Amino acid sequence: MKPEEMEKAIIRNLSEKTGRTLDEWFVVLKETSLSEKSELKNHLKSVHGVGHFQAQTIIKFYLLE
């Protein structure tokens, strides 16, 4: 699977796997005072139990907003 396909699959399955959509994760991140990529990723992983690749994908699109 190509990286772009993997990314699309992660986003498509995000709600089922994490209980939140991409937009809902954006709200969660906006409510933090964090701004650094590594801080945001660690927050998703440690506080919310999001998997590594899911967290990376969420952060990538969050920072593009």
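These numbers come from a predicted model, not from an experiment.
One distance of note links OG1 of Thr18 with CD of Gln54; it measures 6.0 Å at 0.5 Å rounding. Note: Leu29 CG to Leu63 CG = 8.5 Å, rounded to the nearest 0.5 Å. Distance check, rounded to the nearest 0.5 Å: CD1 of Ile59 to CH2 of Trp25 gives 10.0 Å. Note that CZ of Phe61 and CG of Leu14 are 11.0 Å apart. Values are rounded to the nearest 0.5 Å. Here OG1 of Thr57 is found 3.5 Å from CD1 of Ile10. Values are rounded to the nearest 0.5 Å. Interatomic distance, Ser15 OG to Lys17 NZ, rounded to the nearest 0.5 Å: 11.5 Å.
Proximity of Leu44 to Ile58: side-chain heavy atoms (C-beta onward) are separated by under 4.5 Å at one or more points. Within the 4.5 Å cutoff, the side chain of His48 has heavy atoms near those of the Val28 side chain.
In this view, Glu65 and Lys30 satisfy the salt bridge (charged side-chain N to carboxylate O under 4.0 Å, His left out) rule, not counting sequence neighbours. Under the rule for a side chain to side chain contact (heavy atoms under 4.5 Å, CB included), the partners of Leu34 that lie at least two apart in sequence or sit in another chain are Thr32, Glu39, Leu40, His43. By the salt bridge (charged side-chain N to carboxylate O under 4.0 Å, His left out) test, Lys2 is found to be paired with no residue, residues two or more places apart in sequence or in another chain being considered. For Glu24, there are no salt bridge (charged side-chain N to carboxylate O under 4.0 Å, His left out) partners at least two apart in sequence or on another chain. Partners of Phe26 by ring-ring contact (aromatic ring centres under 6.0 Å, His included), not counting sequence neighbours, listed by chain and number: Tyr62. Every residue two or more places apart in sequence or in another chain that forms a side-chain hydrogen bond (donor to acceptor under 3.5 Å, both in side chains) with Lys45 is listed here: His52.
No salt bridge links Glu36 with Lys41; every basic N to acidic carboxylate O contact stays at or beyond 4.0 Å.
Leu64 and Val27 fall into different hydrophobic clusters, where Ile, Leu, Val, Met, Phe, Trp and Tyr residues are linked whenever their side-chain heavy atoms come under 4.5 Å apart, directly or through other members. By the rule that hydrophobic residues join a cluster once side-chain heavy atoms approach within less than 4.5 Å of another member, Met1 and Phe53 end up as members of one cluster.
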